[in-house]
Amino acid sequence: LASGSLSIIVLGASGDLAKKKTFPALFNLYRQGFLPPSEVHIFGYARSKMTDDELKDRIRGYLSPSKNATPEVSKDVSNFLDLVKYVSGSYDSDEGFQLLDKEIYKYEYEMNRQEGMSRRLFYLALPPSVYPSVCRMIKLNCMNKSDNGGWTRIVVEKPFGKDLESAEQLSSQIGELFNESQIYRIDHYLGKELVQNMLVMRFANRFFLPLWNRDNIDNVQIVFREDFGTEGRGGYFDQYGIIRDIIQNHLLQVLQAVNPIKDEEVVLGQYEGYKDDPMVPQTSNTPTFATVILRIHNERWEGVPFILKAGKALNSRKAEIRVQFKDVPGDIFKCKKQGRNEFVMRLQPSEAIYMKLTVKQPGLEMSTVQSELDLSYKQRYQGVVIPEAYERLILDTIRGDQQHFVRRDELKAAWEIFTPLLHRIDRGSLKSLPYKAGTRGPAEADALLEKAGYTQTHGY
Ligand code: BG6
């Protein structure tokens with residue numbers, strides 16, 4: 001870190017995101033020495049009236065989830081909490097933000113003695129409905145005041161709007177106040193280890209260069225499954241649904257030149273029991289499951305379906321990308337039914353990259369079997385701790401590295417792809433099919449996959 005003060009301001013400090021993700025990520029960065037106490041101070045801001053100690057009590061349990069924390073961890077927790085100060089105020093009044101500014105300035109003055117630069121990082125762990133007013137309040141009251149190279153940066157998270165129009169409106173409102181270089185839009189999937197590895201894998205290896213096209217690849221599947229429902233989040237979720245919650249952002253690498261999505265290439269589902277949440281209306285058609293096929297209209301990918309699939313309350317928890325190759329012409333070993341070549345990147349759980357291929361079954365017979373070339377991170381990188389996505393992204397924000405954040409034009413492109421479909425769903429012209437919790441989702445989705453050319457490989 002550069003010298004000077006760094007103030008990290010968590011707005012919405014008493015909310016779920018702050019407790020479960022933001023503060024634990026800050027704590028881990030602190031433990032690794034990235035937030036030196038000589039430079040860093042953390043401010044929590046929210047509407048509730050609380051003392052510093054009350055806020056600390058709320059977050060303490062989330063910092064080291066294990067009940068049997070070692071004395072060393074407990075000491076780190078208390079040292080970390082010493083850096084935290086709480087300020088209460090509303091999200092749309094100058095008064096609260098002026099008070100916040102005063103507190104930040106007081107600390108900066110002590111740290112820098114007017115020499116070092118002051119850096120202010122505002123993390124909006126808040127619903128997007130208050131982004132415009134909070135950004136305005138920051139701009140009016142809380143900007144960095146040092147004129148020797150300091151900065152003010154804003155971190156925001158999805159959902160960025162509900163469709164193209166509302167997202168663009170939100171972008172313009174924030175864009176009037178801050179430059180693109182000051183805005184960090186988090187999609188935490190971009191901070192996951194294997195997502196970051198994709199670019200390296202693709203461009204640092206000769207294997208992929210000649211194969212990465214429509215002549216060799218039959219279909220690509222990007223899958224997100226969770227084995228739990230929307231527990232406690234029904235109120236939020238029902239307003240958004242699985243396409244806005246997961247597919248439009250986490251699963252979509254922005255793909256240019258996507259054809260309009262056709263209804264017959266979509267299957268929606270809703271798990272039975274979803275409406276038991278008192279926040280979810282009985283008439284809700286909000287999908288908790290969706291399979292959507294995207295078709296890219298360019299020289300490399302014409303004709304290759306990109307199958308995006310996401311669901312809550314399914315039979316397993318998994319996020320992966322499966323690139324399935326075409327059949328080998330000729331099939332001289334009669335091994336076609338064992339399955340095709342597949343290249344798989346598993347993001348979670350247990351990060352892995354593997355290739356499915358056909359080999360000779362060891363032994364006297366000349367028979368074949370499908371096997372794997374397997375890079376499992378746990379085995380290959382024993383003892384290496386894979387950082388949490390949020391840790392990496394917060395550190396990038398401090399360092400001013402925007403490459404793993406969502407740019408405004410990417411966000412717009414992602415909404416352009418999904419908005420017409422989302423509007424058809426909102427109007428009720430596509431229905432969510434019921435499925436039982438703990439299953440693979442509606443059978444119609446498997447049928448759609450098969451129709452798109454996906455062939456189940458052995459053992460999957
Ligand atoms: C969030 C979604 O963005 O990502 C949640 O709102 C989802 O619905 C979560 O559960 C999944 O993140 P991860 O890192 O646990 O796969």
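Atoms within each ligand, like the ligands themselves, are counted from 1 in listed order. All of these numbers come straight from a predicted model, not from anything done at the bench. Position 1 is the first residue of the sequence, and the numbers go up from there.
Here the protein heavy atom with the shortest distance to atom 11 (C) of ligand 1 is E226 OE2, 3.6 Å. Of all protein heavy atoms, the one closest to atom 16 (O) of ligand 1 is Y189 OH, 2.4 Å. Closest to atom 6 (O) of ligand 1 among all protein heavy atoms lies D245 OD1, 2.7 Å. The protein heavy-atom contact nearest to atom 12 (O) of ligand 1 is H188 NE2, 3.1 Å.
Electrostatic pairing of E320 and K309 does not count as a salt bridge here, judged by no charged N lying under 4.0 Å from a carboxylate O. A salt bridge between R317 and D227 is absent, with no side-chain N of the basic residue lying under 4.0 Å from a carboxylate O of the acidic one.
Looking at R233, R225, K158, it is K158 that brings a heavy atom closest to atom 3 (O) of ligand 1.
Checked against the 6.0 Å centroid criterion, the rings of F160 and W415 do not qualify as a close aromatic pair.
Donor-acceptor pairing under 3.5 Å is lacking for the side chains of R120 and T152.
Atoms of ligand 1 found under 4.0 Å from any heavy atom of Q348 (numbered from 1 in listed order, with element): 13 (P), 16 (O). The contact set between ligand 1 and H250, taken as ligand atoms under 4.0 Å from a residue heavy atom, comprises 1 (C), 3 (O), 4 (O). Every atom of ligand 1 is numbered from 1 in the order shown, and the set under 4.0 Å from a heavy atom of K192 is 13 (P), 14 (O), 16 (O). Heavy-atom contacts of K312 reach the following atoms of ligand 1: 5 (C), 7 (C), 8 (O), 10 (O) (cutoff under 4.0 Å).
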- After noting the C-alpha distance and the side-chain angles of F405 and E180, does the key distance pass the side chain to side chain contact (heavy atoms under 4.5 Å, CB included) rule? CA-CA 11 Å; F405 292 80; E180 192 63 16; over 6 Å; no
- Message: Run L211 and I217 through side chain to side chain contact (heavy atoms under 4.5 Å, CB included) and show every step you take.
- Response: CA-CA 7 Å; L211 297 181; I217 291 175; 5.9 Å; no
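Here R317 has side-chain heavy atoms under 4.0 Å from ligand 1, and that is the only part of it that gets that close. The proximity of F237 to ligand 1, defined as any non-hydrogen pair under 4.0 Å, does not occur for either the backbone or the side chain.
At least one test fails for K312 against the ring of Y271: distance under 6.0 Å to the centre or angle within 45° of the axis.
With a 6.0 Å radius and a threshold of 12 heavy atoms from other residues, nucleotides or ligands, Q379 has its CD atom at or below the threshold.
Within the 4.0 Å heavy-atom cutoff, E157 does not count among the residues contacting ligand 1.
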